[in-house]
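Read the structure below first, then the notes.
Chain naming here is simple, since letters A, B, ... match the order of the sequence lines and numbering starts at 1 in each. The model shown is predicted, which means the values in this text are computed figures rather than measured ones.
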There are 2 protein chains.
Amino acid sequence: MARTQGSHSGITGPRVREAALHLFAQHGYAAVSMRKIAAEVGVQAGALYNYTPDKQTLLFDLMRTHMEELLAAWDACSPAGGTARDALEAFTRFHIRFNTRRADAVFVSYMELRNLEPENFNIIEGLRRDYETEAETILRRGVAEGGFAVAEPRIAAMALIALLTGVNTWFRERGRLSLAEVEAVYWDMVRRMVANQG
Amino acid sequence: MARTQGSHSGITGPRVREAALHLFAQHGYAAVSMRKIAAEVGVQAGALYNYTPDKQTLLFDLMRTHMEELLAAWDACSPAGGTARDALEAFTRFHIRFNTRRADAVFVSYMELRNLEPENFNIIEGLRRDYETEAETILRRGVAEGGFAVAEPRIAAMALIALLTGVNTWFRERGRLSLAEVEAVYWDMVRRMVANQG
DNA sequence: GTCTATAATGGGATAGAC
DNA sequence: GTCTATCCCATTATAGAC
């Protein structure tokens with residue numbers, strides 16, 4: 001962990017964000033001091049303030065970056081044509097894949113909402129709602145097309161996201177099931193959950 | 001909030017636990033000081049140590065009490081006879097009802113796991129696994145009876161619990177839907193999710 | 001059972017040398 | 001860009017009066 005003085009490596013900024021994300025996920029924002037982040041990076045605490053104006057902004061930037069990357073990745077991955085059923089399968093597999101690969105950021109972006117100042121909270125909440133609306137739109141389209149039976153699309157969208165995000169609480173790479181197998185198990189559950197023929 | 005000196009009310013203990021639970025849920029364990037808990041109760045910080053040996057034990061007792069009450073309430077509520085389908089409906093409705101009425105305790109018992117010392121963590125994790133096993137057992141019975149099609153009962157149990165606990169992120173009493181309506185919407189989703197006819 | 005006072009430690013953030 | 005040193009304040013927990 002210890003580093004020599006004045007490394008001038010030019011990559012301290014990313015290293016600060018990585019260390020903060022990992023420590024916030026492990027111990028919680030309030031429990032992690034700037035000194036501990038600095039120690040993880042291998043600098044003194046004062047040096048961190050070259051990369052963030054304060055601790056709150058560091059947290060907010062981590063969360064905003066995560067949410068924006070989530071939305072951008074889904075935008076790049078969502079199928080252009082196809083049925084709502086195709087879109088829902090793509091969403092299910094995308095959500096599991098993206099979130100299991102970024103478990104720390106997912107955890108922080110949910111758990112530390114309460115430690116955001118009101119203005120920052122509203123921005124993150126808006127991005128979260130945008131993502132929920134992506135799922136809701138797919139469900140509404142499926143109802144319109146006739147393949148889905150969903151009484152409450154907004155609630156079903158939040159239920160779907162809660163279901164899928166739950167994978168993060170137990171999934172481990174090198175576990176019994178591969179990511180592809182987990183995707184298949186969950187898509188099977190999701191498919192039934194919204195299907196017209198119950 | 002301010003109280004006169006030496007109230008001797010005899011109910012300070014429960015008030016300390018209530019205040020701690022509420023503040024931990026709102027701001028997080030690490031962000032809440034003993035002074036803030038004391039101020040909420042209306043005593044000085046030193047007085048809290050008549051009711052808990054330290055802050056960690058206060059957190060642990062809140063979490064253990066919640067988990068034990070959850071298991072006891074389900075034990076009292078789970079149907080003795082009936083099919084696995086009946087049991088699953090009872091579990092679904094029970095979980096939503098119990099957890100929405102104790103949102104603070106649910107939140108703390110999940111979010112503050114990382115702030116428990118290892119020994120305390122293991123105890124809470126054990127209770128959580130006991131609860132998951134209740135759901136898993138119902139699903140396995142349903143498969144044996146032939147009514148359910150569940151490829152991975154343990155994973156499906158965790159998926160079910162994640163789905164149902166997600167209600168807490170959006171449900172508000174006096175919202176558009178009553179608790180009974182929410183239960184019905186979720187039971188409809190759960191029923192389809194495990195049903196043999198997809 | 002609660003208060004006041006305090007010990008011992010650690011917190012976020014800044015100043016100025018290099 | 002990083003270091004050292006420091007300011008000022010908050011933290012948990014304890015001691016002893018009442």
Atom CD1 of B/Ile11 to atom P of C/dT2: distance rounded to whole Å? 11 Å

Closest to the B/Ala47 side chain: D/dG1, C/dC3, C/dG12? C/dC3

B/Gln56 CD to D/dA13 C1', straight-line distance once rounded to whole Å: 15 Å

A/Met34 CE to D/dA5 P, in whole Å, measures 20 Å

Closest nucleotide among C/dG11, C/dC3, D/dC3 to the A/Ser33 side chain: C/dG11

When rounded to whole Å, the NZ to P distance for the pair A/Lys36 and C/dG12 reads 9 Å

Between A/Phe98 and A/His66, how do the two ring planes meet: parallel, tilted or perpendicular, split at 30° and 60°? tilted

Non-hydrogen atoms of A/Leu164 and A/Val190 that approach each other most closely: CD2-CG2, 4.1 Å

What integer distance in Å separates A/Ile37:CD1 from C/dG10:C1'? 15 Å

According to a hydrophobic-cluster definition based on side-chain heavy atoms being under 4.5 Å apart (Ile, Leu, Val, Met, Phe, Trp, Tyr only), do B/Met111 and A/Val106 belong together? no

On the side chain of A/Arg35, is there an atom forming a donor-acceptor pair with the base of C/dG12 - under 3.5 Å, no angle test? yes

What nucleotide, of C/dG12, D/dT11, C/dG1, holds the atom closest to the side chain of B/Tyr51? C/dG1

Given C/dG1, is OP1 or OP2 found less than 4.0 Å from the side-chain N or O atoms of B/Thr12? no

Under 3.5 Å: donor-acceptor pair, side chain of A/Thr57, backbone of A/Pro53: no

In whole Å, I'd like the distance from the CD atom of B/Gln44 to the C1' atom of D/dA15. 16 Å

For the pair made of CG in A/Asn50 and P in C/dG16, what is the distance, rounded to whole Å? 16 Å

Please report, rounded to the nearest Å, how far the C1' atom of D/dG16 is from the OH atom of B/Tyr49. 17 Å

